[in-house]
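In what follows, a single structure is set out as structure tokens and then discussed.
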Amino acid sequence: MLVPHLKDRPFTMRRYPDGAYGKAFFQKDAPKGMPEWIPTARIQVTSRDKPRTKRWINAPLVNDELALLWMANMGCIDMNAWYSRVDKLDRPDFVLFDLDPSPDVGFEETVQVALYVKEALDALGLASFAKTSSAEGMHVLVPIERRHTYDDTRRFSEVVAGAIARSYPKLATTQWSKAKRRGVLIDANQNGEGKTIASAYSVRPRPGAPVSTPLRWDEVKSGLDPAQFTMDVVQQRVAQYGDLFEGVLTTRQRLNDALKALA
DNA sequence: GGAAGTC
DNA sequence: GACTTCCAACGCTTC
DNA sequence: GAAGCG
């Protein structure tokens with residue numbers, strides 16, 4: 001279920017060599033010694049040194065279960081990949097609404113904001129898909145045609161997030177600075193080239209090992225508990241429902257009309 | 001966890 | 001030989 | 001414009 005959501009996307013390894021609670025580090029350039037049967041994409045990324053330079057890296061592509069197993073064996077727990085695929089790196093497959101509760105609110109409020117996001121997207125005629133992200137957060141994905149740029153998707157999510165924050169100021173915010181933030185952050189800034197998201201069905205390195213779990217929208221309601229989605233529970237869900245995120249990979253929607261309606 | 005750089 | 005460091009980087013605010 | 005930060 002997991003592999004299709006990683007297929008052909010530059011994969012950023014997040015390794016926990018000392019286990020889920022030890023020090024972790026990111027590694028986007030394929031380590032030497034990675035077997036040749038794991039394909040790579042030669043891509044250019046910006047480095048963080050003072051004069052921002054571009055450098056070429058070999059990004060691993062987790063395209064089958066054996067590659068996924070190899071990553072797990074390298075200490076990867078959450079599986080992080082780009083929003084776009086290697087054949088069109090600058091065209092993301094979806095817009096992400098990353099919902100992150102501040103310390104003053106919890107999952108209950110996050111669920112409510114997720115419903116507001118869906119409501120707004122429904123009004124724009126856009127189908128969306130929800131999953132738990134970590135212990136407290138939610139991800140709402142809007143699959144799109146590969147015609148829009150990351151700049152398009154970021155501006156779109158900014159507009160939608162801003163509208164929701166203004167409509168529900170007690171509950172939702174776009175305030176970046178943590179000190180001034182109250183309520184659930186709708187983080188539009190997570191839409192950008194080179195940014196990654198923990199995929200559907202990723203296990204999180206947290207107590208209880210919760211899984212980022214695709215949900216039916218009718219499950220997104222008061223009382224939903226993200227901690228209930230343990231690995232065995234999610235395996236049962238997959239057996240019962242199949243991949244609730246299949247639509248993310250198959251739905252193609254145009255943002256233009258929605259953007260126009262907002263302009 | 002492992003390579004590479006520093007003493 | 002032992003110890004340390006490196007394995008990412010966006011776009012906002014701030015100075 | 002560089003640096004700090006979530």
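Chain letters run A, B, ... following the sequence lines, proteins first and then strands; every chain starts at 1.
The distance between atom CD of A:Gln175 and atom C1' of D:dC5, rounded to the nearest whole Å, is 13 Å. We find that CH2 of A:Trp70 is positioned 14 Å from P of B:dG1, with the value rounded to whole Å. Counting to the nearest Å, the P atom of B:dG2 and the CZ atom of A:Arg15 are 8 Å from each other. Counting to the nearest Å, the C1' atom of C:dC7 and the CG atom of A:Asn80 are 15 Å from each other. C:dG11 atom P lies 15 Å from atom CG of A:Asp98, rounded to whole Å. We find that CD1 of A:Ile57 is positioned 19 Å from P of C:dC6, with the value rounded to whole Å. Remark: P of C:dC6 and NZ of A:Lys32 are 15 Å apart, rounded to the nearest angstrom. Look at CH2 on A:Trp82: it is 11 Å from C1' on C:dA9, rounded to the nearest Å.
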- Item | A:Asp93 and A:Arg252: CA distance, side-chain angles, deciding distance, salt bridge (charged side-chain N to carboxylate O under 4.0 Å, His left out) verdict | CA-CA 8 Å; A:Asp93 283 293; A:Arg252 288 290 174 250; 3.3 Å; yes
- Output, in order, the C-alpha distance, side-chain angles, deciding distance and verdict of side-chain hydrogen bond (donor to acceptor under 3.5 Å, both in side chains) for A:Asp151 and A:Thr149. CA-CA 5 Å; A:Asp151 205 45; A:Thr149 64; 5.3 Å; no
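Going from the P atom of C:dG11 to that of B:dG1 covers 35 Å, rounded to whole Å. Between the C1' atoms of B:dG2 and C:dC10, the separation comes to 29 Å (whole Å). Here the separation of C:dT5 from D:dG6, taken at their P atoms, is 23 Å to the nearest Å. Distance check on atom C1': C:dC7 versus D:dA3 gives 23 Å, rounded to whole Å.
Using a distance-only test at 3.5 Å, with no hydrogens or angles considered, no donor-acceptor pair links the side chain of A:Thr251 to the main chain of A:Val248. Although no hydrogens or angles enter the test, the distance criterion places no donor-acceptor pair under 3.5 Å between the side chain of A:Ser202 and the main chain of A:Ile77. Under a 3.5 Å cut-off, the side chain of A:Gln190 and the backbone N or O of A:Asp187 do not form any donor-acceptor pair.
Looking at heavy-atom distances under 4.0 Å, A:Arg14 makes no contact with the nucleic acid at all.
Contacts of A:Glu108 classified as side-chain contact (heavy atoms from CB on, under 4.5 Å), with partners at least two apart in sequence or in another chain: A:Ser222.
OP1 or OP2 of C:dA9 has at least one side-chain nitrogen or oxygen of A:Arg55 nearer than 4.0 Å.
Listed by residue number, the members of residues 185-202 of chain A with any heavy atom below 4.0 angstrom from DNA chain C are A:Asn189, A:Glu193, A:Lys195. Within residues 18-28 of chain A, the residues having any heavy atom closer than 4.0 Å to DNA chain B are, in order of number, A:Asp18, A:Phe25.
At a threshold of 4.0 Å, the pair A:Arg85-A:Asp87 does not count as salt-bridged, since none of the basic side-chain nitrogens sits closer than that to a carboxylate oxygen.
Using cut-offs of 30° and 60° for the angle between ring planes, the A:Tyr150 and A:Tyr83 rings count as tilted. Classification of the A:Phe129-A:Phe245 ring pair by plane angle, with boundaries at 30° and 60°, yields perpendicular.
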